[in-house]
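Any value given below was found using the heavy atoms of this structure, including those in side chains, with hydrogens, waters and symmetry copies removed. Predicted model, so just to flag it, every value in this text is computed and none were measured.
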Amino acid sequence: MHAAIDTPITLESPFTTLPALIALHAVERPEHPALIQDGQVLNYHQLNDLADKAAAALQRDGLVPGSSVAICAANSINYAVLFLGALRAGVVVAPLAPSSTPESLLVMLKDSAAGLLFADQASLTALEHVREQAAIPIWSLDDSLDGARFSDWLADAKPAPVELNAEMFFNIIYSSGTTGEPKGIVQSHGMRWAHIQRGIVFGYGPDCVTLISTPLYSNTTLVSFLPTLGLGGTVVLMSKFDAAAYLRLAEQHAVTHTMLVPVQYQRIMAREDFEKHDLSSFKIKFSTSAPFHAELKADILARWPGGLVEFYGMTEGGGSCMLAAHEHPTKLGTVGKPLENHDMRVIDEEGKELPRGEIGEVVGHSPAMMTGYLNKPEKTAEAEWYDQTGKRFIRTGDVGRFDEDGFLTLMDRRKDMIISGGFNIYPSDLEQELRQHPDLLEVTVIGVQSRSWGETPVGYAVARPGAKVQPQQVLEWFNQRVGKTQRLNRLILCDELPRSAIGKVLKRELRDAFQSKFGTLD
């Protein structure tokens, strides 16, 4: 059974579940739009009914509470229906990135022990080499696969009631699904309930309209998607981000909330027709998942109505910081302060806590923390740090420092820090300087192997449209502006930087490509 909701949700409300909240909205506001995509509108009565049918279908197919189902597809209303139906049946959702390699997809399917796999037409093509090896039933979310259509799979029945508790698994989100070994991050219903409650602070509620353009397999998306539906608002879905289409939808639906990654903000703000769109309905905009430079934040504050909030945290949970940029315009170079009840500290290489102002690895503790990495106790242990009292923290892998006001400035990922001739070089410092060149649109800096220095920095850049960039001239310009140890060995111009679906620059891909082409530098 689902927990009953008799009073309005507050920050002090006892635990309840997202399926229970959807059922409540279906009774109290049945006609209110829950999901909108490409002209299709699903109200809460319809969403609740379809979630019931999905839950009943999973039960019919033998999935029980604690078992799992995998989804590999672009954003869609059916994706959301399946996700919510699975939760109602107590089934754990493993949302997989369609951009993952076939090898990684097989690893994730096996690791999650998914009993069923749902995919759309594009993903089914990519899964062609996986389907036989996966050895589990596959259904097409967009009805593109004859004999395995989602609409035919749904059961015309009510599901058996399932009692959900805070410790039960909600989803498994895989990190490093495009490169490296995928790790399944287990998040509980209790953790997701904390995210929904937190949404109240940011104005999520019955009247909010949230535009979602990042993928539903990403925690970046879910921390905005779930509070919107949990608190009775409307979600407008985009299957794929496009800056022009985003602006049209934002104006058309009088959007109040959104979650965008920094590269999406950059592309929206760069549009010549930006000022022609009425964005006055916006109350607040969010960002997370990738470095968000101060100049872009300032531009958004100047030209886009509503507040701007940056979150810093991990899918694994632990401590999170928040910067309300509209309230702290002098702190735009930081990621803000730890949230209430979030304990964040900085430690050195030996695990010793460092005082404020010193640089080290950021660790955090909060009410919302992963249970652990699925089937990987050793990886879970590597991600944990305990203070002298035995309090559990999650290691972020990020290097940073807290200033005198308690705001956190991030330097870089530990693995991206460059050690050249014994000196620590933070790529973010170099990127901030390189970004000042008027002809460069996007930049990043990596460390590559050097016989003389151990490592040496190399820059990659994308030119602004119409700009005629001479890499050697930019290199000389840059090296005159920085210290000797920070000078770039070379600057490489490219058409685009490799990015994940949520906008992170894939520096490992650049390092591997550089090593393959140039080898070790002198």
Side-chain angles (χ1 to χ4, degrees), residues 11 166 170 173 175 183 185-188 190-202 218-220 222-224 226-227 259 286-292 309-325 327-328 331 333-373 379-415 428 502 504:
L11 291 174
F170 185 104
I173 292 184
S175 65
K183 298 189 295 292
I185 300 166
V186 177
Q187 296 165 318
S188 67
M191 179 177 180
R192 290 307 191 187
W193 169 236
H195 289 161
I196 292 171
Q197 284 183 298
R198 188 177 70 184
I200 298 168
V201 175
F202 301 111
S218 165
N219 193 60
T220 294
L222 294 177
V223 295
S224 190
L226 299 177
M259 171 67 81
F286 300 99
S287 187
T288 188
S289 295
F292 197 178
V309 170
E310 178 182 13
F311 286 120
Y312 163 69
M314 300 177 67
T315 303
E316 289 87 338
S320 292
C321 283
M322 185 192 83
L323 174 69
E327 296 176 359
H328 301 283
K331 297 289 188 179
T334 78
V335 294
K337 289 183 173 182
L339 292 168
E340 187 176 359
N341 298 321
H342 287 228
D343 184 356
M344 301 189 73
R345 307 181 194 178
V346 172
I347 61 174
D348 64 15
E349 292 287 340
E350 285 72 44
K352 180 182 176 182
E353 189 174 343
L354 297 172
R356 184 172 290 185
E358 292 198 23
I359 296 172
E361 183 183 0
V362 181
V363 299
H365 170 93
S366 76
M369 300 171 71
M370 71 169 178
T371 304
Y373 293 121
K379 292 292 184 183
T380 300
E382 288 174 11
E384 296 172 329
W385 177 81
Y386 292 84
D387 71 3
Q388 293 181 340
T389 69
K391 188 174 182 178
R392 177 177 178 251
F393 289 71
I394 301 294
R395 303 179 74 129
T396 67
D398 289 325
V399 176
R401 61 176 171 79
F402 284 96
D403 68 16
E404 65 279 3
D405 299 316
F407 287 76
L408 176 63
T409 297
L410 294 178
M411 316 304 286
D412 277 290
R413 298 287 293 167
R414 282 181 63 196
K415 64 184 179 183
S428 59
I502 54 172
K504 291 182 180 178

Undergrad: State, to 0.1 Å, how close G318 and S366 come at their nearest heavy-atom pair, and which atoms those are.
TA: O-OG, 2.7 Å
Undergrad: Do Y312 and M322 touch side chain to side chain, with heavy atoms closer than 4.5 Å?
TA: no
Undergrad: Rounded to the nearest 0.5 Å, what's the gap from OG1 on T380 to CD on E382? Could you check?
TA: 9.0 Å
Undergrad: Return the CE to CG distance between M370 and N219, rounded to the nearest 0.5 Å.
TA: 12.0 Å
Undergrad: What's the verdict on side chain to side chain contact (heavy atoms under 4.5 Å, CB included) for R192 and V223, showing C-alpha distance, side-chain angles and the deciding distance?
TA: CA-CA 8 Å; R192 290 307 191 187; V223 295; 4.2 Å; yes
Undergrad: If you take all heavy atoms of C321 and P338, which pair is closest and at what distance?
TA: SG-N, 3.7 Å
Undergrad: Could you tell me whether the side chain of V346 reaches within less than 4.5 Å of the side chain of E353, counting heavy atoms only?
TA: no
Undergrad: Do V399 and I359 make a side-chain contact, defined as non-hydrogen atoms from C-beta onward lying under 4.5 Å apart?
TA: yes
Undergrad: So, R345 and D387, do they make that salt bridge, N to O below 4.0 Å?
TA: yes
Undergrad: Between M259 and S224, what is the shortest heavy-atom contact and its length?
TA: CB-CB, 3.9 Å
Undergrad: Taking all heavy atoms of P227 and all of L222, pick out the closest pair and write down the distance.
TA: CD-O, 3.7 Å
Undergrad: Kindly write out the residues that satisfy side chain to side chain contact (heavy atoms under 4.5 Å, CB included) with S218, not counting sequence neighbours, or none if the list is empty.
TA: P215, T220, T221, I502
Undergrad: Within the 4.5 Å heavy-atom criterion, are L323 and F292 side-chain neighbours or not?
TA: no
Undergrad: Heavy-atom count check: over 12 atoms from other residues, nucleotides or ligands less than 6.0 Å from K352 NZ?
TA: no
Undergrad: Tell me which pairs pass ring-ring contact (aromatic ring centres under 6.0 Å, His included) where either residue lies in residues 336-373, with sequence neighbours left out.
TA: H365-F393
Undergrad: Please test L410 against V335 for side chain to side chain contact (heavy atoms under 4.5 Å, CB included), starting from the C-alpha separation and ending with a verdict.
TA: CA-CA 7 Å; L410 294 178; V335 294; 3.9 Å; yes
Undergrad: Below 4.0 angstrom, N of the basic side chain to O of the carboxylate: do D403 and R356 qualify?
TA: no
Undergrad: Return yes if a side-chain donor-acceptor contact under 3.5 Å exists between R198 and H195, otherwise no.
TA: no
Undergrad: Closest heavy-atom contact between M191 and T315?
TA: CE-O, 3.9 Å
Undergrad: With a 4.0 Å cut-off, would you call D405 and K331 a salt bridge?
TA: yes
Undergrad: Has S428 got a side-chain atom pairing as donor or acceptor with M411's backbone, closer than 3.5 angstrom?
TA: yes
Undergrad: Apply the test side chain to side chain contact (heavy atoms under 4.5 Å, CB included) to residues F286 and E310: give CA-CA distance (whole Å), side-chain angles for both, the deciding distance (0.1 Å), then the verdict.
TA: CA-CA 6 Å; F286 300 99; E310 178 182 13; over 6 Å; no
Undergrad: List for me each residue that meets side chain to side chain contact (heavy atoms under 4.5 Å, CB included) alongside E358, sequence neighbours excluded, and say none if there are none.
TA: L354, P355
Undergrad: Cation over ring, R392 on Y386, under 6.0 Å and within 45°?
TA: no
Undergrad: What is the distance from atom CZ of F311 to atom OG of S289, rounded to the nearest 0.5 Å?
TA: 11.5 Å
Undergrad: Do R395 and I347 come close enough that some side-chain heavy atom pair is under 4.5 Å?
TA: yes
Undergrad: Please report the C-alpha distance between T334 and L408 in whole Å, then the side-chain angles of each, then the deciding distance to 0.1 Å, and finally whether the side chain to side chain contact (heavy atoms under 4.5 Å, CB included) criterion is met.
TA: CA-CA 6 Å; T334 78; L408 176 63; 5.9 Å; no
Undergrad: Can you see which heavy atom on E361 is nearest to which on G397, and at what distance?
TA: OE2-N, 2.9 Å
